[in-house]
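Here the structure is laid out as structure tokens; the discussion comes afterwards.
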Protein chains: 2
Amino acid sequence: MINEIKAIARRHLAAEGANLSLRAVAREMGMVSSAIYRYFPSRDELLTALIIDGYHALGEAAETGDAEVTDRADLRGRWLAVCQAVRRWAVAHPAEYALLFGSPVPGYAAPQETTVAAVRTPATLIGILQDGFAAGTLVDPGPEELTGPVHADLAAARDQLFAGLPEALLARGALGWIHCFGAVSFELFGQLDGLIEAREEYFDHQMRQMADLIGLP
Amino acid sequence: MINEIKAIARRHLAAEGANLSLRAVAREMGMVSSAIYRYFPSRDELLTALIIDGYHALGEAAETGDAEVTDRADLRGRWLAVCQAVRRWAVAHPAEYALLFGSPVPGYAAPQETTVAAVRTPATLIGILQDGFAAGTLVDPGPEELTGPVHADLAAARDQLFAGLPEALLARGALGWIHCFGAVSFELFGQLDGLIEAREEYFDHQMRQMADLIGLP
DNA sequence: TCGTCGTCAAGAGCACTGCTCTCGAATGTG
DNA sequence: CACATTCGAGAGCAGTGCTCTTGACGACGA
């Protein structure tokens, strides 16, 4: 039942965009709007459920994108494959992507559950760097210019999620993930309209540039 | 009159978030909601006006950020100054930033006027690269790996907006602009929550990394 | 001075939204 | 058989964007 509600809500989200109507979902189920409240205490809770599902769907797309690269030592190929998988999922599910990464809804505060699901995709990306560091392919670039406060934040994140990874490599991975997010959002949110038509190629070009900066051979 | 409406709408936007209510604006003006329709044919038109104003406000912030660097030959300093100015404006006006760069409203198609206003900020950034190329500080890095379709898109954009700039430099400038957008959006849309506390320092760190990639000395 | 013509805002109303509350029917369970 | 629980319907509240009609006000020309 709650799965049927979520499925229809996802369909409506894809068709109509962000403004999901409980009443429309109920109507399509042949029910009255108040019946939905048996299964979800509020519209925000429904959105939260969709968000968590979305993070996991994106994370799974990223993980299978990584797993499909047979040469596990090909760090660059794996990195690019994950980025492309992220973009493909986003292009295929633009409304859900906007729900996950777009402007936050005013009254809505993301519960803790969403943030743990959100880390799945960047974790696969940075996991590639961990593999490279463990294999000796990637070396610690040193503290570079990480200033004090940033250093502390990154160290905390490293200890919590990516044990053993040098901070500088974590920083590079985060930089790459943020650019992947930025490039996808830039495209999906209409900023590329009228300027770039070859979107996939342009995205790949950007990811290759970032792979250079990260130091992926 | 229409300026008063826009001012109040901006205030409501900043206070409440994206869901701007015409009736609330009218209420605050001591008018009835239908009176607003004398001045704006629809809510979307009001939003369009706010969007155009927003793009120009951001563009002006970027331009003054650039102009305040006295050493005009300090390309890297100018680039970083513009990026910081963009972030400062965004942090100061998060709802307006979300309106400009966040998830697009479903039924809303951005009119041509908005896209011309939108180009003002990236134009100041890439203008820095133009200055550097004209002065000989920056050299054409060559065609690099720009594949065919991307090459065509970039050439068209170059001819239209940045005459004389080598495509590879334009590509690097766009990469830097997209990362600036990505980093600001990542922060403002809540993706940094619980991970990075030193936001300004982390942003600056990212922009320095990108300045290296772009080749700013 | 009188009549006309725009401009402006008010008000009622339509269709829609999220959400709450109550009530009746169905479905087990002791 | 009687009870309890679950489920959905329905009415209703306060809010939304938007349309249409109505009336007040002021400027202008005859």
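Quick note: numbers below take in every heavy atom, side chains included, and nothing from hydrogens, waters or symmetry partners. All values derive from a computational prediction rather than experimental measurement. The sequence lines fix the lettering, A, B, ..., with proteins before strands; numbering per chain opens at 1.
Rounded to 10 degrees, the angle between the two end axes of the helix from C:dT1-D:dA30 to C:dG30-D:dC1 is 20°, with five pairs used at each end.
Every residue meeting the side-chain contact (heavy atoms from CB on, under 4.5 Å) condition with B:Glu113, not counting sequence neighbours, appears here in chain and number order: B:Ile52, B:Pro111. For the side-chain contact (heavy atoms from CB on, under 4.5 Å) test, residues two or more places apart in sequence or in another chain that qualify with A:Tyr37 are A:Leu22.
The distance between atom CG of B:Asp44 and atom P of D:dT16, rounded to the nearest whole Å, is 17 Å. We find that OH of A:Tyr37 is positioned 13 Å from C1' of D:dC13, with the value rounded to whole Å. One can place CG of A:Leu22 at 19 Å from P of D:dG15, the figure rounded to the nearest angstrom. Across the protein-nucleic acid pair, B:Ile36 atom CD1 and D:dT19 atom P stand 14 Å apart, rounded to whole Å. Remark: C1' of D:dG17 and CG of B:Asn19 are 13 Å apart, rounded to the nearest angstrom.
Closest to the side chain of A:Arg38, out of D:dG12, D:dC7, D:dT16, is D:dC7.
Using a 4.0 Å heavy-atom cutoff across all strands shown, B:Phe40 reaches no nucleic acid atom at all. Heavy atoms of B:Arg23 sit under 4.0 angstrom from at least one base atom. If you check every strand for non-hydrogen atoms under 4.0 Å, B:Leu46 touches nothing. Contact annotation for A:Ser33: base contact, defined as any heavy-atom pair under 4.0 Å involving a base atom.
Between A:Phe189 and B:Phe101, the ring center distance fails the sub-6.0 Å criterion.
A salt bridge links B:Asp53 with B:Arg10: at least one charged nitrogen is closer than 4.0 Å to a carboxylate oxygen.
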Just list the side-chain donor-acceptor pairs under 3.5 Å for residues 146-155 of chain A, sequence neighbours left out, or say none.
from	atom 1	to	atom 2	distance (Å)
A:His151	ND1	A:Glu167	OE1	2.6
A:Asp153	OD2	B:Glu197	N	2.7
A:Asp153	OD2	B:Ala198	N	2.8

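Of all heavy-atom pairs between A:Leu216 and A:Leu129, the closest is CD2-CD2, 3.8 Å. Residues B:Cys180 and B:Met207 come closest through the heavy atom pair CA-CE, 3.8 Å.
Residue B:Ser34 places no side-chain N or O under 4.0 Å from the OP1 or OP2 atom of D:dC20.
For the residue pair B:His12 and B:Glu28, a side-chain donor N or O sits within less than 3.5 Å of a side-chain acceptor on the partner. Under the 3.5 Å distance criterion, with hydrogens and angles disregarded, a donor-acceptor pair is assigned to the side chains of A:Tyr97 and A:Ser185.
Contact check for B:Glu187 versus B:Val184: no side-chain heavy atoms found under the 4.5 Å cut-off. Two residues are said to be in side-chain contact when any heavy atoms from C-beta on lie closer than 4.5 Å; B:Met1 and B:Lys6 fail this criterion.
Within residues 24-32 of chain A, the residues approaching DNA chain D are A:Gly30, A:Met31, A:Val32, by heavy-atom distance under 4.0 Å.
A residue-by-residue look at B:Ala35 and A:Ser21 shows that B:Ala35 has its nearest nucleotide of DNA chain C further toward the 5' end.
Contact footprint of chain A on DNA chain C: nucleotides with an atom under 4.0 Å from a non-hydrogen protein atom, first to last in 5' to 3' order, C:dT17 to C:dC21.
The aromatic rings of A:Phe181 and A:Trp177 are tilted relative to each other, their planes meeting at an angle between 30° and 60°.
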